[in-house]
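Below is one structure, written out as structure tokens, with a few remarks after it.
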Amino acid sequence: MDVTKIRRDFPALSDPGLVYFDTACQSLRPQSVLDAMDAYYREYPACSGRSMHHLAARVTQKVDDARTITAKFLNASKKEEVIFTRNTTEGINLVANALSFKPGDVILITDKEHNSNLIPWQKLCRQKGTLLKIVPTQTNGTFDLDAYAKLLNPNVKLVSFGHTSNLDGVTIPAAEIIKLAHKNGSHVLLDAAQSAPHRQLNVKSLDVDFLAFSGHKLLGPSGTGVLYGKYALLDAMEPFLVGGDTVASSTYESAEFLPPPEKFEAGLQDYAGIIGLAAALQYLQKVGFDAIQKQELEVTRVLTAGLQGIPGLHIIGPADLALRGGITTFYIDGIDSHRIALMLDQMRGITVRSGQHCVHSWFHSRGIAGSVRASAYFYNTVDEAQLVIDHLLKIRKVL
Amino acid sequence: MFCIVAFVVLSILGIFSAANRRLAKEALDCVFRRITFRPCNTGFDEKMKAKILGKLIMRSERLASFINKRFELLAWIFFVIGMAALVMSVRGVVLWYTTGSCNGVNSEAFCVFDPTGANNEVSSVETGCSVTPVTINDLTLDGVDVAAFPTLNAGNPGTPIIFIGCYSCDYSRATYPIIRKLVDHYNTPLIYLEYPVKLHSDYLNKVGYCAYKQEPFKYFWMFNDALFAAEKSQIEDQAFVEKTLKDLGFDMSALQACIADPTTAAVVEGQLEQIRDTGFYGTPTIFIGDEVFVGPKPYRVYAIALKGFFYWLAQ
């Protein structure tokens, strides 16, 4: 992969003052995504699936194509298993609200879930009397299969895990987890917000029941996301948000809901976003995940090696950088993480995330105030990683 | 402490920039929390510190390190300096308002509100006037028989205004209408002491003395007003002066006799000597109560000296 050539595809990277290491929050967008969205607004800014005119027909076709592209991206059995959402959070909320739960049902999550995979379940517990149980991770941040297996019992209705942690970049052994869950009669939802941008997903071979990811972390537009669900499960589920475009017909007393995915896509959708998302997925497929992972690993290797030489710096997660993907999270004794992030930005336009990364529960339980997260993607270079190190060394020297 | 300093600085910068206004608002919230003994939870101080250090570190690591270690102390120093500057600024504004100069009455030092120093210009006395320039503190009316000089509104209550001026001097000419307006408004007594700083108008002293002697009330002051209203070249023209007097109805033959009288010359010389004894060093010099103003001041300055800070409330 020619990174220099790749970088030319991203308009934001034309700014030499920007060193972007915040992809885990939001990725940059290639020109092809911007063009796809722009074309919608300029050439056929109409409704999909409603009007009959030629513009609407074009939008309908484009949205349908986007669904097909997404289904192929996930290797889903059929495109109807793809529901467009606003983001991963909405996908998880959809499952929490639409899947049937009864009092006493157990939902399993890990101890380092993003708030989006924690709060919906807490709410469900309050509303429906379900129980939320936490699978502790090992001290090095990797998944503890034994602990998980011990928590599985017939009451476990759903296992909802973050596929790749936004905290430390660790990816869980999803195939084994799903196998055990199914053996137990439990469904599995994977929060793939941090894995979809970095690795090839195959919902069929994983046999996962639900999988949610966001567009904005994988080169797509903000406000776009996908929930994959096995068709049979989706078909049996009640809709979450209801209204226009979810029904075939209605009377004053009742409504006849459309089959999935329509019954889960209420109201007018973000067509430009959906079309842009499809363009992003195509771009990723073109680059290829092997090349993406190789570049990320290279950048992370330089970052990790440099960080290890900084006194008082602690990397969160396993020492084996291959286990951390493109995410490198650290904190320095005695220095506020926000200060480090702000200084990096001031000094050289190095953009990193600071704080608790929406995993407050993990930080609170360990008494760590916050951390800095440098998240690399295939458009980052080792030179940029070295810049981060050089500037962190200066900060360490001064503070 | 940093929040307070930042609030003051950002408030000033906020006049020009919306971004700074937003930061000033954050700083204010931080200040409010601090003065109510709560921690600043907006992260404002941390954010600003990081921004400052981030900029500095690229220029000098030593300087950044120095500032980082002494950040709170430096904030205190800036706070004290800021407070001192604020006090000085307020003082400057008050002084400018009450005396016409940021630096105090008659100061010729630079004042941002009067950058040209127009409020403190004077027509300096010349060596030929036999006056030794002194300072403001040496000015006194002791030894001056003010009752012997032309007086308007004599006998009226109120603090008299004693005006040492010069018909042909620019700054006296600029000030006279202001003083007349003040006198007309408050009906306060005005005593005019003519001192011919420009020697070619010295003959007017005898003219003025005789005119006042002949018509001490309305017509002398009409003559006085006419001289200040006329062109400078006309003042030096005796024919113009005589015509003015004639037009005002003065008895010209009696006036000529008075001017020619040796006694008049002696009286006038005595009056000039008294004026010189005041120690004045330029015109206009105006005494109002205990205060002395040298140079042309705005109306409000004289009004405040006469009626107090809230002069507009006085009748």
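The analysis underlying the following values was restricted to heavy atoms, covering all of them including side chains, and did not include hydrogens, waters or symmetry mates. Being a predicted model, the structure only gives us computed values, none of them experimental. Protein chains get the first letters and strands the later ones, always in sequence-line order, with residue 1 at the start of each.
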#### Entry: Distance (rounded to the nearest 0.5 Å) between A:K394 NZ and B:E61 CD
5.0 Å
### Message
Contact between B:K47 and A:H338 at the side-chain level, heavy atoms closer than 4.5 Å - yes or no?
### Response
no
### Message
What's the separation between atom CE in B:M58 and atom CE in A:M347, rounded to the nearest 0.5 Å?
### Response
5.5 Å
### Task
Can you establish whether the number of heavy atoms outside B:R62 located under 6.0 Å from its atom CZ is more than 12?
no
### Summary
Scanning both residues in full, the closest heavy-atom pair of A:Q346 with B:G54 reads CB-CA, 3.8 Å
### Query
Got more than 12 heavy atoms from elsewhere within 6.0 Å of CE, B:M83?
yes
### Query
Above 12 or not: heavy atoms from other molecules or residues under 6.0 Å from CZ of B:F78?
no
### Query
Does CZ belonging to A:R366 count more than 12 external heavy atoms closer than 6.0 Å?
yes
### Message
Please check if the number of heavy atoms outside A:Q31 that lie under 6.0 Å from its CD is greater than 12.
### Response
yes
#### Entry: Atom pair CD/CG of B:E46 and A:L342 - distance to nearest 0.5 Å
8.0 Å
## Note on the structure
What one should report as the nearest heavy-atom pair of A:V398 and B:N68 is O-ND2, 3.4 Å
### Task
Determine whether more than 12 heavy atoms belonging to other residues, nucleotides or ligands lie under 6.0 Å from atom CG of A:D15.
yes
#### Entry: Minimum side-chain heavy-atom gap A:L399-B:L53 below 4.5 Å
yes
### Query
Rounded to the nearest 0.5 Å, what separation is found between the CE atom of A:M343 and the CG atom of B:L56?
8.5 Å
### Query
Should we say atom CZ of B:R21 is surrounded by more than 12 heavy atoms from elsewhere, each under 6.0 Å from it?
yes
### Message
Counting heavy-atom pairs under 4.5 Å with chain A, which one of B:K55, B:K49, B:K51 comes out on top?
### Response
B:K51
